[in-house]
S.K.: 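Below you'll find the structure I mean.
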Amino acid sequence: MHEDKKRRKYDAAFKAEVLRMVESGQSVRYAAGALGISENLIHTWKSKNKMGKGKTVRQGELSVENQQLKERVRQREAERDISKKALRTPRGAFSAARADRALRLD
């Protein structure tokens with residue numbers, strides 16, 4: 001009987017990370033075994049990347065950078081919101097200008 005094998009799809013960030021592993025000195029065999037993918041798949045990604053047909057590394061780098069930038073924006077927005085809340089004064093409290101006027105001895 002013929003078994004139906006489902007093809008797995010890997011996103012650009014994953015492909016880029018695999019190629020970075022191999023380019024940094026890890027063997028294709030080790031990377032494939034560690035990640036549970038075939039060596040042939042890694043070789044295919046490498047050749048597509050070298051030939052310029054696949055933009056896996058660049059797309060992956062951009063995807064990772066985009067995620068990092070979005071996280072930084074979320075952090076900055078949270079910091080801004082905290083600062084805004086800290087600067088708010090409760091109703092009826094003196095503002096700095098009113099406090100200065102109240103303390104003047106004219």
Side-chain angles (χ1 to χ4, degrees):
M1 292 224 141
H2 182 304
E3 290 183 35
D4 288 328
K5 289 187 178 182
K6 290 188 178 185
R7 293 182 66 146
R8 289 187 269 172
K9 292 191 178 200
Y10 300 97
D11 64 1
F14 179 78
K15 292 176 185 179
E17 189 60 34
V18 171
L19 293 176
R20 255 189 238 110
M21 284 176 66
V22 173
E23 289 169 1
S24 70
Q26 296 288 336
S27 70
V28 172
R29 175 172 284 170
Y30 174 80
L35 299 170
I37 59 177
S38 75
E39 292 178 42
N40 289 336
L41 187 57
I42 296 175
H43 286 295
T44 301
W45 293 343
K46 277 178 62 174
S47 63
K48 281 185 179 180
N49 187 51
K50 284 182 182 176
M51 294 172 58
K53 290 181 181 176
K55 297 181 180 179
T56 55
V57 172
R58 184 66 184 143
Q59 287 173 343
E61 289 171 352
L62 291 174
S63 176
V64 169
E65 182 181 6
N66 190 31
Q67 290 170 350
Q68 291 170 344
L69 290 171
K70 284 181 178 182
E71 180 59 30
R72 286 177 63 189
V73 167
R74 278 191 290 275
Q75 288 174 347
R76 297 293 189 260
E77 288 174 343
E79 290 170 1
R80 182 200 61 206
D81 292 344
I82 290 170
S83 296
K84 280 183 176 180
K85 288 178 184 177
L87 292 175
R88 290 186 193 145
T89 57
R91 289 184 177 231
F94 284 114
S95 68
R98 285 179 69 192
D100 286 344
R101 276 184 271 156
L103 294 174
R104 282 193 201 138
L105 300 173
D106 288 329

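The analysis underlying the following values was restricted to heavy atoms, covering all of them including side chains, and did not include hydrogens, waters or symmetry mates. For the single chain, residues carry numbers from 1 onward in sequence order. As the structure is a computational prediction, the values presented were derived from the model and not from experiment.
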S.K.: For the residue pair Ser38 and Ala32, what are the closest heavy atoms and their distance?
M.R.: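 Minimum heavy-atom separation between Ser38 and Ala32: C-CB, 3.9 Å.
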S.K.: Please report the interatomic distance CD(Glu79) to CD(Gln75), rounded to the nearest 0.5 Å.
M.R.: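 One finds 6.5 Å between CD of Glu79 and CD of Gln75.
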S.K.: Looking at side-chain heavy atoms only, is the closest gap between Leu41 and Tyr10 below 4.5 Å?
M.R.: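 Heavy-atom side-chain distance check passes, below 4.5 Å.
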S.K.: Among Leu35, Ile42, Val28, find the one that has a side chain to side chain contact (heavy atoms under 4.5 Å, CB included) with Met21.
M.R.: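 The residue from Leu35, Ile42, Val28 that satisfies side chain to side chain contact (heavy atoms under 4.5 Å, CB included) with Met21 turns out to be Leu35.
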S.K.: Are the charged groups of Arg74 and Glu77 less than 4.0 angstrom apart, N to O?
M.R.: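 Between Glu77 and Arg74 there is no salt bridge, as every charged N stays at least 4.0 Å from the carboxylate O atoms.
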S.K.: Distance from Leu69 atom CG to Glu71 atom CD, nearest 0.5 Å?
M.R.: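 Reported to 0.5 Å precision, the distance equals 10.5 Å.
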S.K.: Could Arg20 and Glu17 be called an ion pair, given the rule that one side-chain N must be under 4.0 Å from one carboxylate O?
M.R.: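 Between Glu17 and Arg20 there is a salt bridge, with a charged N closer than 4.0 Å to a carboxylate O.
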S.K.: Within the supplied structure, the quantity of interest is the number of heavy atoms (other residues, nucleotides, ligands) at a distance under 6.0 Å from Arg80 CZ; does it exceed 12?
M.R.: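 Atom CZ in Arg80 is packed in, count exceeds 12.
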S.K.: Could you measure the distance from the CG atom of Leu19 to the NZ atom of Lys48? Nearest 0.5 Å is fine.
M.R.: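 Interatomic distance, Leu19 CG to Lys48 NZ, rounded to 0.5 Å: 11.5 Å.
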S.K.: So, taking the atom named OG in Ser83 and the one named NZ in Lys85, what distance separates them when rounded to the nearest 0.5 Å?
M.R.: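 Answer rounded to 0.5 Å: 11.0 Å.
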S.K.: Please give me the minimum heavy-atom distance between Arg8 and Gly36, naming the atom from each residue.
M.R.: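 Closest heavy-atom pair between Arg8 and Gly36: NH2-O, 3.4 Å.
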